Amino acid sequence: MPPQTYAVTGMTCASCVRHVEKALAATPGVSSATVNLATAQVIVNGTASFNDLAARVEEAGYGLSPIEADGLEAEELSRPLARMLVALVLTAPMVATMIPGLDWHLPGWLQALLATPVVFGAGSGFFVRAAKQAKHGQASMDTLVALGSGTAWLFAMGEWWQGAHHLSFETASALVAFLLTGKYLESRAKAHATDALRALLTLAPPTALRVEDDGSLLEVPVSMLLAGNRARVLPGQSVPADGRVLSGQAEVDESMLSGEPMPVPKGPGDALVAGTVVHGSFLEMEIKAVGADTQLSRMAALVAQAQGSKAPAQALADRVSAVFVPAILVLALLTFASWWWLSGGFSHAWRPAVTLLVIACPCALGLATPVAVMVGLGAAARRGVLVRDAAALEALGQATDLVFDKTGTLTEGRPRLIRVQACGDLAEADLLEVAASLERDSEHSIARGLRAAHGGATLPVDGFRSHPGGGVSGLVNGVNWRLGSEGFLGLPFPGMDQEGIAVGLANDVRLQGVFILGDRLRQEAAEVVAELRHQGLNLHLLTGDQVGPARAMAAAVGIQEVLAGVRPEGKLDFLKAMQARGAIVGFVGDGVNDAPALAQADCGIAMGSGAGEQGTGAAMAAAPLVLLRPGLEPILSARIMALRTHRVIRQNLAWAFGYNLVLVPLAALGQLERFGGPMLAGMAMGLSSLTVVLNALRLRR
């Protein structure tokens with residue numbers, strides 16, 4: 001059963017994440033559950049039903065709901081905005097009495113009338129969630145806020161009852177107002193973190209021009225299109241679904257898919273991807289895939305799944321959050337007891353304790369990593385780098401070694417005929433004609449190279465046979481021909497200098513000719529390799545090709561360590577040996593035949609472009625990181641984005657930990673009372689959460 005994604009309500013901090021994950025993990029049929037605080041979503045692996053999952057989450061004090069059909073749960077901001085505005089409007093008159101020079105005193109009954117709706121109305125969510133969690137012996141940010149604001153309100157009521165002149169209602173009210181303001185601003189900022197994913201989902205048009213059986217055009221919703229339908233895409237319009245061109249010539253902007261700004265010429269037989277834009281002329285297309293089956297939808301789903309995954313750096317925050325809130329509760333109790341003992345009165349003891357409770361809320365700690373991952377992955381998607389797992393992006397930023405496959409990676413992956421060596425009586429053109437005829441129906445890259453070199457009509461072949469790993473054979477003009485490797489033919493190839501791939505053609509009499517094919521090095525390969533080496537990466541070339549061509553290719557781009565003649569299991573062993581030595585290894589392959597190595601590497605990077613839609617789909621399935629733009633240069637973009645994301649995660653964690661390390665002791669010692677105590681704590685806590693979100697949003701630039 002594929003992973004299921006649901007929306008989680010009621011979470012406010014890292015402790016909430018741990019509680020929800022613990023509740024889901026205890027549900028029968030759940031193998032794993034990963035909660036993301038920034039997206040307020042959970043990815044569940046297993047066979048448990050939604051009703052069972054929702055019941056467990058509700059027992060823990062939270063809510064679970066299905067995600068909307070578009071794959072995004074749009075955060076409802078109107079209710080938090082209303083709560084914030086009510087809290088600010090009712091709190092303003094009480095805070096105004098604190099302004100120096102303003103001779104304005106509100107009677108106690110009016111202060112109670114203003115503060116009570118703020119604390120227990122606008123701030124009711126804190127108390128409701130804290131009560132639900134307390135039933136299960138759990139504590140979170142809501143516990144700290146409910147205790148802090150509730151204690152301040154109760155003490156103010158006691159002051160009013162005793163006839164005190166100055167009451168503390170403004171402290172309780174301002175605390176809730178500032179916290180609600182911080183949470184609202186944080187929610188607004190977090191909404192921008194999913195902009196890239198929203199942009200992907202809105203690229204496909206809502207309607208399409210379907211070509212009816214009589215040739216007429218009918219505008220229909222895209223949801224009504226079926227595989228096999230025909231559609232017409234006018235200039236300036238987006239392609240409604242995946243398919244292929246039936247007629248017409250136009251240029252198509254595929255920057256949403258590849259990040260490449262130049263439009264791509266399209267004609268009959270060429271593939272079209274949903275969301276790309278047609279320019280110059282109309283195209284008539286056959287629909288191949290619609291809805292969730294389109295490449296655009298698969299990309300969006302993979303990005304959403306990756307944004308929900310956890311980077312390894314999150315593990316530290318998770319471990320801390322498991323003990324953080326209980327530790328703060330104990331520390332607040334000790335602070336309260338110490339101040340009461342030192343000052344001899346409750347009135348001097350409650351404020352430092354409440355300040356400590358509020359200022360230690362672990363919101364920033366819970367958001368530090370996931371919001372950076374969300375923004376980083378979205379920014380990478382806009383640059384043509386599809387990340388399926390946050391851990392892969394972090395590993396690329398920390399990588400010590402990068403291993404390249406050769407064919408289709410450093411090279412274009414399309415062997416071209418270099419020369420023909422005739423060994424018998426037939427001319428080169430005749431040899432090519434026979435070879436192209438034998439390879440007429442093969443999709444092997446060597447076969448395509450031979451057919452491209454021949455370029456003409458082929459001869460009929462009788463008794464055709466394919467010999468996997470060796471070659472092909474068949475009757476052409478009554479003569480039995482075999483085409484393949486030296487081992488398959490059982491005949492030595494004369495004068496081979498290993499300048500490329502050698503393919504021999506023989507009949508029953510003798511070897512008639514040898515075709516030398518070579519793969520062309522990517523134009524940007526040397527420059528990209530030089531930049532990666534400049535960044536301090538150790539570079540390796542791993543290939544199944546022969547030693548001569550492999551070393552020549554490595555020398556041309558500047559890679560010193562070469563291992564040639566390696567089978568897929570050999571590549572796997574090589575990577576394992578490097579990892580055993582402590583190396584963090586990235587592997588760059590073509591996404592299909594290198595699947596084992598891509599999976600074993602700390603960061604598998606698949607060359608997803610250049611192989612058409614099927615190649616891209618295979619690359620998506622094979623590696624956690626897929627380059628959708630052509631060539632090797634996207635590796636540099638991916639590496640830069642990985643380094644920036646890792647740097648922002650470190651900065652956010654440093655801010656979250658540093659904020660508590662500095663302010664918690666000051667709160668316990670009463671040093672924050674002169675600056676507003678609990679009110680300052682509320683502002684500082686909201687500011688800390690907003691800071692990590694805004695810092696992460698820098699990755700969008």
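A quick note: this is a predicted structure, and the numbers were derived from the prediction, not measured. Quick note: residue numbers are just sequence positions, from 1.
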State which residues pass side chain to side chain contact (heavy atoms under 4.5 Å, CB included) with [X]; sequence neighbours excluded, sorted by chain then number.
X    : result
Q398 : E394, I584, H646
A583 : T400, D401, M578, V585
E219 : T207, L209

Could you state the interatomic distance from [atom1] ([X]) to [atom2] ([Y]), rounded to the nearest 0.5 Å?
X    : Y    : atom1 : atom2 : result
Q4   : T47  : CD    : OG1   : 11.0 Å
D242 : K288 : CG    : NZ    : 11.5 Å
Q512 : L426 : CD    : CG    : 5.0 Å
F587 : I605 : CZ    : CD1   : 10.0 Å

Filter on salt bridge (charged side-chain N to carboxylate O under 4.0 Å, His left out), then keep only pairs touching residues 527-540, sequence neighbours left out; what's left?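 Checked against salt bridge (charged side-chain N to carboxylate O under 4.0 Å, His left out) - neighbours excluded - no pair reaches residues 527-540.
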Set of salt bridge (Lys or Arg N to Asp or Glu O under 4.0 Å) partners for R551, sequence neighbours left out: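 With neighbours one apart ignored, the set is empty.
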Using the salt bridge (Lys or Arg N to Asp or Glu O under 4.0 Å) criterion, which residues pair with R244? Sequence neighbours excluded.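 R244 satisfies salt bridge (Lys or Arg N to Asp or Glu O under 4.0 Å) with E286 only.
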Grab the two heavy atoms, one from [X] and one from [Y], that are nearest each other, plus how far apart they are.
X    : Y    : answer
G397 : R639 : O-NH1, 3.7 Å
C603 : L396 : SG-CB, 3.7 Å
T294 : A241 : CG2-CA, 4.4 Å

With heavy-atom distances below 4.5 Å as the criterion, would you say the side chains of [X] and [Y] are in contact?
X    : Y    : answer
Q421 : P494 : yes
D602 : Q579 : yes
T543 : L410 : no
M641 : V385 : no

Expected output: side-chain T276 to main-chain V239 donor-acceptor under 3.5 Å: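 Not confirmed, T276 side chain does not pair with V239 backbone.
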Between the side chain of Q600 and the main-chain N/O of L572, is any donor-acceptor distance below 3.5 Å?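 Pair absent, no side-chain N/O of Q600 close to backbone of L572.
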List for me each residue that meets ring pair (Phe, Tyr, Trp, His ring centres under 6.0 Å) alongside H540, sequence neighbours excluded, and say none if there are none.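 Listed in chain order: F574.
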Run the side-chain contact (heavy atoms from CB on, under 4.5 Å) check on F404 and V528 step by step: do they pass? CA-CA 12 Å; F404 288 90; V528 170; 5.5 Å; no
Residues 226-238, side-chain donor-acceptor partners within the protein, below 3.5 Å, at least two apart:
residue: N229; atom: OD1; partner: L226; partner atom: N; Å: 2.8
residue: R230; atom: NH1; partner: E284; partner atom: OE2; Å: 3.1
residue: R230; atom: NH2; partner: E212; partner atom: O; Å: 3.4
residue: R232; atom: NH2; partner: E284; partner atom: OE1; Å: 3.1
residue: Q237; atom: OE1; partner: L234; partner atom: N; Å: 3.3

In sequence, state the C-alpha distance, the side-chain angles, and the governing distance for L450 and L483, and then conclude on side-chain contact (heavy atoms from CB on, under 4.5 Å). CA-CA 11 Å; L450 290 172; L483 177 73; 4.0 Å; yes
Which side chain to side chain donor-acceptor pair (under 3.5 Å) pairs, counting each pair once, include a residue from residues 422-432, with sequence neighbours left out?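 Every candidate side chain to side chain donor-acceptor pair (under 3.5 Å) pair involving residues 422-432 fails, so no pair, neighbours aside, qualifies.
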Side chain to side chain donor-acceptor pair (under 3.5 Å) partners of residues 454-464, not counting sequence neighbours, each pair once: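 Every candidate side chain to side chain donor-acceptor pair (under 3.5 Å) pair involving residues 454-464 fails, so no pair, neighbours aside, qualifies.
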According to side-chain hydrogen bond (donor to acceptor under 3.5 Å, both in side chains), who are the partners of S216, at least two apart in sequence or on a separate chain?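 Expected list: D214.
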By side-chain hydrogen bond (donor to acceptor under 3.5 Å, both in side chains) - contacts of D213 (at least two apart):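 So D213 forms no side-chain hydrogen bond (donor to acceptor under 3.5 Å, both in side chains) with any residue.
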